[in-house]
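Step one of this worksheet: look at the structure below.
So you know, we letter chains A, B, ... as the sequences are listed, proteins then strands, and number each from 1.
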Amino acid sequence: MRSVWVLAIVFLLLAGLGPVLAPYDPTAINIPKRLSPPNSEFLLGTDAMGRDILSRLLHGARWSLGLAFLISVISLVIGTTIGLVAALGGKRADWMVMRTTDTFLAFPELVAAIVIAGLMGAGTWSLIFALSVTGWMRYARVARGIGLSVQSRGYVVQARLAALPAWSLARWHYLPFLIPSLTVVWTGMFARAILGISALGFLGFGVQPPNPEWGSMLLDARVHLRSTPLQMLWPGLAVVLCVLAINLTGDALRDALAERDHPK
Amino acid sequence: MIKAVCGLLLRAFVVLSGATILTFALLWNAPGDPAQAIAMARFDALLTDEVVDQVRQEVGLDRSFWQAFWAWLGPLLTLDLGFSAVTGRPVWPDLAAAISYTFPLAFSSLAVGLAVSVPLALLATKRPGGWMDRLAVAAASLGNAIPAYWLGLILILLFSVKLAWLPALGASTPAHAILPALTLGLGVAASLTRIIRSGILEARGQPFLPAFRRRGIVEKSIGRDHVAPHAAIPVVTVLGLELAFLLEGLVLVEVIFGRPGLGTFLVQAILARDFAHVQAVVVLTALVFVAVNLAIDLTYRIVDPRIGESDA
């Protein structure tokens, strides 16, 4: 399991240090050297505009991982707040809030994100908005579920009787219980966000060129599938490795939590 | 039971109404002037404000939100999706044509997914923790991380470009469906394998199985009559998620393989700002999604009567 953590840390380092490690400017156009295969000058070759693919990949890590982090944290905050409102607000509020959540869940997340990002006009902000608005529902469900299970515990009843205001009840009595499970959900959503960002990028609705983002790099590479097939391999591989590392970290975390709650 | 079913139906109704309003609100509030876009699409030239205003009136974009909503909803209830303001044709025939390409693909992908995942899960659970098991889990984790559009490109590269066995683009022959179905199906298989595997393992741990064995019931019948139904419960619950995965994947896979299905239809409609088309696809998706989830909730209760009625 340690290897997974190492992998995850390596990716975070790459995202942080990518721009320093990149040998070239990721947007520098070099037409004479366009579509060159991997060689000693350009380790992974160049794309259709002669831009260095390795540099674009390294800079792209910042776009893909950074945006995915931002999006998953925004939806974490929205979802948790909504879930806690449902858990603390009484039966009627609960019903209303959860039916709203169900309504948002009535659309497949990525399809909704494609429609929203597409209609808002391609760009980084609409990407962030589209993926956050379609990504908060799982957090809300988990937060509400655990919130309701905490409700009948002695000290919560006590706190309620002492007329503790709802927000401090939420902050001190509910939130600490939510954090472990929400972290597990968060790792899953972080991975999903990476996939979502690159999917939107691939459709042309996400991060716009010349910014290096893995999905839009794939879109560029697709046209040259016949002449330089290797070009399409790298961005996809980067997405797969990141998602795999995050998912495995999430699995390990979930197992560790299960172990703690139900020791064998 | 009846009360629970009514509750579920009410929920589905509320959710579907909400989804319709949400869809309409989304398109109504989309930035940019739709009248301008429609005029551009129709006349293909720079236009004066007068013409744009005329289009606006004609399409009904000068009304208030609720007026326009009811005007759209009324016909929708009789399954009349109206006219596309961009193409000038009724929406339904074009949509039906797109569905006729998407439906077979969705089903064959699901078939591929089941054909791969069920045997794989059965093999994996023969000896939990054995090398087969670990291999299956590793393959499933890897499969979950591979985006459909990348897998699609790799399959095209392998089978169309290098080996030239299968056609890649278009949808003219059934052979054109093989690569897309494989792309989507393998993704479905990856997530199903994990779920079926853990379903079987959990069912194996049920305390009544040793009792059956002691009574001398043959292992085959225990597997078929007791382990399989138990393992099916978690599978049924995630079918909704599987459907979402399928719909999301369909959009991407159709775009990659240039199939004129629902996904391509949606993306083109977004690019052309063809609101009638986008609305139709989104509402249809929500309808299918809500209906399937309702069906799942109902089957769930029939398969496992222990599930409480208070579960909200």
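Taking the six-membered ring for Trp and the full ring otherwise, the centers of A:W125 and A:F129 sit at least 6.0 Å from each other. Taking the six-membered ring for Trp, A:F104 and A:W136 have ring centres closer than 6.0 Å.
In this structure, A:F69 and A:F190 have side chains that are in contact, with non-hydrogen atoms separated by less than 4.5 Å. Between B:L105 and B:R259, some side-chain heavy-atom pair lies under the 4.5 Å cut-off. The shortest distance between side-chain heavy atoms of A:M217 and A:M232 does not fall below 4.5 Å. In this structure, the side chains of B:R197 and B:E202 stay at 4.5 Å or more apart for every pair of heavy atoms.
Neither the backbone nor the side chain of B:L158 comes within contact range of chain A; no heavy atoms are under 4.5 Å apart. In this structure, chain A has no heavy atom under 4.5 Å from any part of B:L243. At a 4.5 Å heavy-atom cutoff, the contact between B:V251 and chain A is made by side-chain atoms alone. Residue A:L148 does not touch chain B at all, counting heavy-atom pairs closer than 4.5 Å. Proximity to chain A involves both the backbone and the side chain of B:V282, based on heavy atoms less than 4.5 angstrom apart. Residue contact with chain A, scored on non-hydrogen atoms closer than 4.5 Å, involves the backbone and the side chain of B:I146 alike. For A:F107, the parts lying under 4.5 angstrom from a heavy atom of chain B are both the backbone and the side chain.
Scanning residues 194-201 of chain A against chain B with a 4.5 Å non-hydrogen threshold yields A:L195, A:S198, A:A199, sorted by number.
Of the possible donor and acceptor atoms, one in the side chain of A:S126 sits under 3.5 Å from a partner among the backbone N and O of A:G123. Of the possible donor and acceptor atoms, none in the side chain of B:E254 sits under 3.5 Å from a partner among the backbone N and O of B:P260.
Classification of A:R56 and A:E213 as a salt-bridged pair fails, no side-chain N sitting under 4.0 Å from a carboxylate O.
Using a 30° and 60° split on the angle between ring planes, B:F24 and B:F69 fall in the perpendicular class, above 60°.
Across A:L241, A:L203, A:N247, the residue that shares the most heavy-atom pairs under 4.5 angstrom with chain B is A:L203. Top candidate by heavy-atom pairs under 4.5 Å with chain A, chosen from B:T285, B:I256, B:L266, is B:I256. Contact count versus chain A (heavy atoms, under 4.5 Å) is highest, among B:S17, B:A145, B:G18, B:A148, for B:A145.
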